[in-house]
2 protein chains.
Amino acid sequence: MAATAVGPGRSTSSYSEVQHNRLIVSLPLPSVLKKPFSVIDGPPSSAAGNPGEIAKLFPNLFGQPSVSLLPGHTSGAALDHILKIGVVLSGGQAPGGHNVISGIFDYLQEKTKNSTLYGFKGGPAGIMNCKYVELTTDFVYPYRNQGGFDMICSGRDKIESDEQFNKAAETAKKLNLDGIVVIGGDDSNTNACLLAENFRGKGLKTRVIGCPKTIDGDLKSKEVPTSFGFDTACKIYAEMIGNVMIDARSTGKYYHFVRLMGRAASHITLECALQTHPNITIIGEEVAAQKQTLKSVTDYIVGVICKRAKLGYNYGVILIPEGLIDFIPEVQQLIAELNEILAHDVIDEAGSWKKKLQSQSHDLFELLPQAIQEQLLLERDPHGNVQVAKIETEKMLIQMVEAELESKRKDGSYTKQFKGQSHFFGYEGRCGLPSNFDSNYCYALGYGAGALLQSGKTGLISSVGVGNLKGPVEDWTVGGTALTSLMDVERRHGKFKPVIKKAMVELEGAPFKKFASLREEWALKNRYFSPGPLQFVGPTSNETNHTLMLELGAKA
Amino acid sequence: MAATAVGPGRSTSSYSEVQHNRLIVSLPLPSVLKKPFSVIDGPPSSAAGNPGEIAKLFPNLFGQPSVSLLPGHTSGAALDHILKIGVVLSGGQAPGGHNVISGIFDYLQEKTKNSTLYGFKGGPAGIMNCKYVELTTDFVYPYRNQGGFDMICSGRDKIESDEQFNKAAETAKKLNLDGIVVIGGDDSNTNACLLAENFRGKGLKTRVIGCPKTIDGDLKSKEVPTSFGFDTACKIYAEMIGNVMIDARSTGKYYHFVRLMGRAASHITLECALQTHPNITIIGEEVAAQKQTLKSVTDYIVGVICKRAKLGYNYGVILIPEGLIDFIPEVQQLIAELNEILAHDVIDEAGSWKKKLQSQSHDLFELLPQAIQEQLLLERDPHGNVQVAKIETEKMLIQMVEAELESKRKDGSYTKQFKGQSHFFGYEGRCGLPSNFDSNYCYALGYGAGALLQSGKTGLISSVGVGNLKGPVEDWTVGGTALTSLMDVERRHGKFKPVIKKAMVELEGAPFKKFASLREEWALKNRYFSPGPLQFVGPTSNETNHTLMLELGAKA
């Protein structure tokens, strides 16, 4: 297939003034990228775990060094001067993706005249099906500093089977590609590394470089300080949470239960807590580490509500990570048993099917609000399994807290009227205008990826600001980290699969510890903090997020 | 009761940078308020309807003129030079309420040294129970340009019975009040007028002035160009809608159904549509005027979705006013019949109770998704009535659209997979940092209310920028409109009650006509417009909303 029409792309004539103002803002670059630089290899790398298995899975790439860009002309290896590069967006939207592409594009324009950048459409499927658009100055321009992934759109396909690798290789040969940049999360970067390995094994010249994207913030390591999009998404959610807090305090009669995006890790919830100081915050990793039950989570919330009632506060704000249920072992057990029963038994109205549940699961099922019970039994995915993801955890908790408080009203230990309001903040944050931090970080990630490709590197993830993201953009380091060095293996269907382990909230890490040291104060005293809407100019516009700053060693 | 402790109030030490920056911004005043002015009576007024009945209900106030402030020293009536004033917030939160209070406070400080401002706590109940705080410079300062109503909090009580009026009068006498400012919506301003009438009838010196507040935008008239809070709330919702639109376009597979606050009128939904250009917008007033059914609303949405599918778009954004159900006559009929049946009959599982429904109601009930049917039958308010307000209209519509599209898939007229995502934007917008417009408008409303009280007026609503709100603050007019002139009567329980009629979306008005002229284009072509986060500095920060501009005669 040839270059397909993507329609006219965006037109700035339909832009709001704020979008226009962002468009014309110039993007700073780390100083190392502004002058001639050399790409310097570090020492040989290993793997995050099971290096022997990773070495077998990546015979061509394992052990290769990470690299740093340093000032001064490259000696030795000659640089390509005309490149053909493809770029692809993979997985969920995150603010800043367009700036990564702009960074690659500008690099090619400025350092390798007459080079070509192709945008693969709709994610990795675009590579396999050779669906692309040639990116031009006019086409790319309207997307600078703008939210969304709609320049070339994204997709969730993976390039995994031999046939799929072959299709990708055909595209690479057909377009005579020197390189592909994969912008994605942990899975997509694992996939990028497999593609790099496969191409190298096939003797193709096409290199593959990854870029760390995910609003969830769970792709990070020592050499990849943060994934882009997290900063903006958290700021958008924190604006809304701050508004809801002032509403709670003004109205004086509602508990707002706010579910926040982030199924696997609770970084977003933790960061939003650090930005806004809610009364209660549930962190999935802590729930899992302490093997909490749904009842104990409910009791914790009820306990704080009762204490606040005695202080005269019958309102509050509670943050809950989207993936909470997945962190509670007993819920996982119940779901597993339900899937088994639903597959083989009749669910009779009288409820005799419940006898098949183990005693703990039986008690848990009986504890659940009726609506959730029905949802578990009625809504199944195409494989007949319970759809855990569809459970609105915040509403479930409201009902459980309500029931528990009702019993406390009977014994007089709670005398107020409980009213819960539910919120889910998710899609609102994935495509907002990127913050100054995400705008700059993404542009440098993309520009750096261009440099890595031009110097002939493959199987690296673009790595910017290691150790100094706190400082001004000018000082940021630029380099690439060996993707194999981030990998471990997991056993799936009897085979080892390489994975970049998701970075979970560390209970010993600085962000959680700061939160843990303050949450009791936040619970009972009202320390609400309202960040207000994201500003693009002014003193606060260049601040980044608490998680990153604390991880980089800022004073707690 | 004496002045009660309200706790320490807010401390700016817990303010974010954006809040700090707003705090120190100086507020402009209309130039007429900056120099000596006269308060000039207009001609005698009448009523919005049934003047004979209004005259009977307000024997002391009916017919009094509206007034304008004009430059030059007041001749004739001497001004009070030391005032004791009370202020109360009534009803739901709206951005800007704190600035009305700041305006009154600053007026007293600057024009009437040694005056006192009391803040009644928790709404009109604070007047009746004499619960108040004396507002001081230090106490008021942290709330300037800040969202929320928490300076003195609000409440929904009404002062209606003789006993309640007497309690209010006792407070007025005890505090030796020269005046009370009531900040509220249509009901609260009706109440303010009744209080003014009652005090005048009792021979009390205490005057009463209203201020127009409501994010719903349904308190407005020729002399009250807009209610405060609407501007900010719509901008906050429009930011989120714009983000969701870019997400929809980037993801390419979801229809986002966004329910927006505004139970009685659809102004918020209309304004957000004008700001963002969604594919489908349902305006309650149009649904009512055309006597649409739930089926016809569903069919309209399904029709657009099918047309878009043929154009290759399997995604979109749909705005729905919170009060939609209340606008559909057949739903009202069904609810009425259900309430009757639920009060007298047994709801049997077999469903024979349904035979009591009239045929149209029976058909409608069967059309509803099962979850909604159950909600209607199971969830009742304390009076045993169906809780219409609890129905999540956006989720109901998603299910109805899904069912209809499923049948279209069977006959091949729709070949895609429909996925709906639901959103409710409400509490997020009521307590945001007020926009520059709301900040300035509220400050002028409050400052003007001070002037009206000082000149001895009662039963007026503070009225700013009549005819020229489009222009710079300096040029805004300042005055007061006779509350009785905004009133009509409604018959309730056999008695005439005065009401300020809610301003509904006018189907012949400029905002709706502009929307109607564009909606077909928005439906099929993607004209999404993303306003971005509310900015407080820069070229766009002083723009107001489309509804106001169009009503003031801006070119459509």
Side-chain angles (χ1 to χ4, degrees), chain A residues 14-19 21-22 89 92-93 97 122 146-151 153-154 236 239-252 254 256 275 277 371 374 421-433 527-540 543, chain B residues 14-22 89 92-93 97 122 146-150 153-154 236 239-252 254 256 275 277 371 374 421-433 527-540 543:
Chain A
S14 66
Y15 271 16
S16 64
E17 281 299 308
V18 176
Q19 287 179 304
N21 291 342
R22 293 302 295 154
L89 293 164
Q93 280 66 30
Q146 307 295 319
F149 270 14
D150 51 309
M151 188 204 285
C153 291
S154 183
I236 292 173
E239 176 198 351
M240 295 299 126
I241 295 164
N243 286 357
V244 166
M245 282 173 164
I246 296 182
D247 201 273
R249 185 165 57 189
S250 297
T251 313
Y254 293 124
H256 293 268
Q275 285 190 29
H277 313 173
E374 287 176 9
Q421 293 285 355
S422 65
H423 305 263
F424 172 47
F425 296 148
Y427 296 95
E428 299 85 344
R430 305 197 316 173
C431 285
L433 283 165
R527 298 288 189 240
Y528 298 155
F529 198 87
S530 183
L534 185 53
Q535 300 295 295
F536 296 111
V537 288
T540 58
E543 281 182 11
Chain B
S14 66
Y15 271 16
S16 66
E17 282 298 308
V18 176
Q19 286 179 304
H20 268 296
N21 291 343
R22 292 302 294 155
L89 293 162
Q93 279 66 30
Q146 307 295 319
F149 269 14
D150 51 310
C153 292
S154 181
I236 292 173
E239 175 197 352
M240 296 296 125
I241 295 164
N243 286 357
V244 166
M245 282 171 163
I246 296 183
D247 201 273
R249 184 164 59 188
S250 296
T251 312
Y254 292 125
H256 293 268
Q275 284 191 31
H277 312 174
E374 287 175 9
Q421 294 285 355
S422 64
H423 305 262
F424 172 49
F425 297 148
Y427 296 95
E428 299 86 343
R430 305 198 314 173
C431 285
L433 282 165
R527 299 287 190 238
Y528 298 154
F529 198 87
S530 183
L534 184 54
Q535 301 294 295
F536 296 111
V537 288
T540 57
E543 282 182 9

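Each chain gets a letter, A, B and so on, in the order its sequence line appears, and its residues count up from 1.
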Query raised in the report: Any idea which heavy atoms bring S530(B) and S16(A) closest together, and the distance?
Result: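 Closest heavy-atom pair between S530(B) and S16(A): O-OG, 2.6 Å.
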Query raised in the report: Excluding sequence neighbours, so at least two apart, what forms side chain to side chain contact (heavy atoms under 4.5 Å, CB included) with S250(B)?
Result: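 By the side chain to side chain contact (heavy atoms under 4.5 Å, CB included) rule, S250(B) matches Q93(A), F149(A), D150(A), C431(A), I246(B).
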Query raised in the report: Where does H423(B) contact chain A at under 4.5 Å (heavy atoms): side chain, backbone, both or neither?
Result: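 Looking at H423(B), just its side chain touches chain A.
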Structural part of [X] lying under 4.5 Å from a heavy atom of chain B:
X: Y15(A); answer: backbone
X: S154(A); answer: backbone
X: Y528(A); answer: backbone
X: Q275(A); answer: neither

Query - Flag, side chain of Q535(B) to backbone of P533(A), donor-acceptor distance under 3.5 Å - result: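 Checked: no pair found.
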Query raised in the report: Does the E239(A) side chain pair with the main chain of E428(B), one donor and one acceptor, at a distance under 3.5 Å?
Result: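 No, the answer is negative, given that no donor and acceptor are paired below the 3.5 Å cut-off.
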Look at [options] and state which one has the largest set of heavy-atom pairs under 4.5 Å with chain A.
options: E17(B), R249(B), E543(B); result: R249(B)
options: M245(B), M240(B), E374(B), H256(B); result: M240(B)
options: N21(B), N243(B), L534(B); result: N243(B)

Query raised in the report: Between atom OH of Y427(B) and atom CD of Q421(A), what is the distance when rounded to the nearest 0.5 Å?
Result: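 If I round to the nearest 0.5 Å, the distance is 3.5 Å.
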Query raised in the report: What is the distance from atom CZ of R527(B) to atom OG of S14(A), rounded to the nearest 0.5 Å?
Result: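 Between R527(B) CZ and S14(A) OG, I get 8.0 Å after rounding to 0.5 Å.
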Query raised in the report: So which of G148(A), G532(A), P531(A) has the largest heavy-atom pair count under 4.5 angstrom toward chain B?
Result: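 Ranked by contacts with chain B, first place is P531(A).
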Query raised in the report: When heavy-atom pairs shorter than 4.5 Å are enumerated against chain B, which of V537(A), L433(A), T251(A) gives the highest number?
Result: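 Top option by heavy-atom pairs under 4.5 Å: T251(A).
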Report task. For F529(A), enumerate each residue passing the ring-ring contact (aromatic ring centres under 6.0 Å, His included) test, keeping only those at least two apart in sequence or located in another chain. Result ->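 F529(A): ring-ring contact (aromatic ring centres under 6.0 Å, His included) contacts with H277(A).
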